[in-house]
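The structure under discussion appears below in the form of structure tokens.
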2 protein chains.
Amino acid sequence: MNKLTDFFKVLSDETRLRILILLYHKKLCVCEMCGITGESQPKISKHLAKLRDIGLVKDERQEQFIFYDLNLNEQVYKGILEKIVDNINDYPVLKSDIEKCKHAEKYLESCRR
Amino acid sequence: MNKLTDFFKVLSDETRLRILILLYHKKLCVCEMCGITGESQPKISKHLAKLRDIGLVKDERQEQFIFYDLNLNEQVYKGILEKIVDNINDYPVLKSDIEKCKHAEKYLESCRR
DNA sequence: CACTTATATACTTATATGAGTATATAAGTA
DNA sequence: TACTTATATACTCATATAAGTATATAAGTG
């Protein structure tokens, strides 16, 4: 059951929740996630590291960028994220993130600030 | 969204998760929950207090006992608990709790140890 | 009204967690 | 091979959290 409670601990942090909901929709690289969420790179990277450690995401380098993708083995986890997405209108921040992620590429250029 | 992340923080503690899944099945008093889970009374009470504070459970006195019941306003929350229950075979502790809660009354007598 | 019982809370302590800043690493490019 | 860029990690500090023990409270009972 630790795996389940650990999963909920992941979701209990807003930044991580935003990341997971983003990745639920699209494979993204770190600087895209920074751009979309407005959070700093170390912050995003650190949370991604946690997600990676417990196997919820996987990373893959594509040229200069490292792209992250969901890696949800358990059906339960997928179902829970799905519940949130189904009620996305209740969560404006998540909804706005998803909108922005449709044009994620534009955050690639502006990666360096 | 804080409400959502707070909900997940609730679920990230094993004791609270056990309590919520129990209450999902049956209205219970504190000492029944202690008996079923094997956890101490202050521990259970403290976690119930948190659940009460954020409005996830409601309490009601019946004679000597104070019974707790789920108070899930949001459909999302109900849906998430449902996902867990649907996969209860993956979580032996929760499954055993539910079994025990079918005979919860017997923990009323033995409340005082 | 004293006593018991069920539950709640206070206090202490140990541990975990997250943020920010600075720095390291590793791959790509000139 | 030096330089840049993208990402990861280390370090520090402030805050949050959970557990255990002791104690308070509030209702019921003799």
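Below, chains carry the letters A, B, ... as their sequence lines are ordered, and counting in each starts from 1. The basis for the numbers below is simple: all heavy atoms, side chains too, and nothing from hydrogens, waters or symmetry mates.
- In this structure, the CG atom of Asp6(B) is 12 Å from the C1' atom of dA16(D), given to the nearest Å.
- In this structure, the CD atom of Gln62(A) is 15 Å from the C1' atom of dG28(C), given to the nearest Å.
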### Task
Do nucleotides 19-27 of chain D as a string where each nucleotide becomes B, S or -: B if the base has a protein heavy atom under 4.0 Å, S if just the sugar-phosphate does, - if no protein is that close.
BBBB----S
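- Taking a pair to require two hydrogen-bonding distances under 3.5 Å in either a Watson-Crick or a G-U wobble arrangement, dG30(D) pairs with dC1(C).
- Arg18(B) places no side-chain N or O within 3.5 Å of a backbone atom of Val93(B) that could act as its donor or acceptor partner.
- Rounded to whole angstrom, the span from the OH atom of Tyr107(A) across to the C1' atom of dA6(D) amounts to 18 Å.
- A straight line from CD1 of Ile44(A) to C1' of dA8(D) spans 13 Å, rounded to a whole angstrom.
- Between Glu99(A) atom CD and Leu94(A) atom CG the span is 12.5 Å, to the nearest 0.5 Å.
- When the side-chain nitrogen and oxygen atoms of Tyr68(A) are compared with OP1 and OP2 of dA8(D), one or more of them lie within a distance under 4.0 Å.
- Rounded to whole Å, atom P of dA6(C) lies 16 Å from atom CD of Glu105(B).
- Residue Val30(A) has its side chain nearest to dA8(D) when only dA8(D), dA6(D), dT7(C) are considered.
- If you measure from atom CD1 of Ile19(B) to atom P of dT7(C), you get 13 Å, rounded to the nearest angstrom.
- Judged by distance alone, the side chain of Thr37(A) and the main-chain N or O of Met33(A) form a donor-acceptor pair under 3.5 Å.
- We find that CG of Leu48(A) is positioned 15 Å from C1' of dG18(C), with the value rounded to whole Å.
- Within the 3.5 Å criterion, the main-chain N or O of Lys9(A) finds no donor-acceptor partner in the side chain of Lys9(B).
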Side-chain donor-acceptor pairs of residues 73-83 of chain B under 3.5 Å, sequence neighbours excluded:
{"from": "Glu74(B)", "atom 1": "OE2", "to": "Lys3(B)", "atom 2": "NZ", "distance (Å)": "3.1"}
{"from": "Tyr77(B)", "atom 1": "OH", "to": "Lys3(B)", "atom 2": "O", "distance (Å)": "3.4"}

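- Residue Lys50(A) contributes atom NZ, which lies 11 Å from atom C1' of dA19(C) at whole-angstrom precision.
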Would you mind writing out the side-chain donor-acceptor pairs for residues 42-56 of chain A within the sub-3.5 Å range, not counting sequence neighbours?
{"from": "Lys43(A)", "atom 1": "NZ", "to": "Glu39(A)", "atom 2": "OE1", "distance (Å)": "3.0"}
{"from": "Ser45(A)", "atom 1": "OG", "to": "Gln41(A)", "atom 2": "NE2", "distance (Å)": "3.1"}
{"from": "His47(A)", "atom 1": "ND1", "to": "Arg16(A)", "atom 2": "NH1", "distance (Å)": "3.3"}
{"from": "Arg52(A)", "atom 1": "NH2", "to": "Tyr68(A)", "atom 2": "OH", "distance (Å)": "3.4"}

### Message
Would Val57(B) and Leu20(B) count as a side chain to side chain contact (heavy atoms under 4.5 Å, CB included) here? Give the steps.
### Response
CA-CA 9 Å; Val57(B) 302; Leu20(B) 285 182; 4.2 Å; yes
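- Base pairing annotation: dG28(C) forms a Watson-Crick or G-U wobble pair with dC3(D), both donor-acceptor distances under 3.5 Å.
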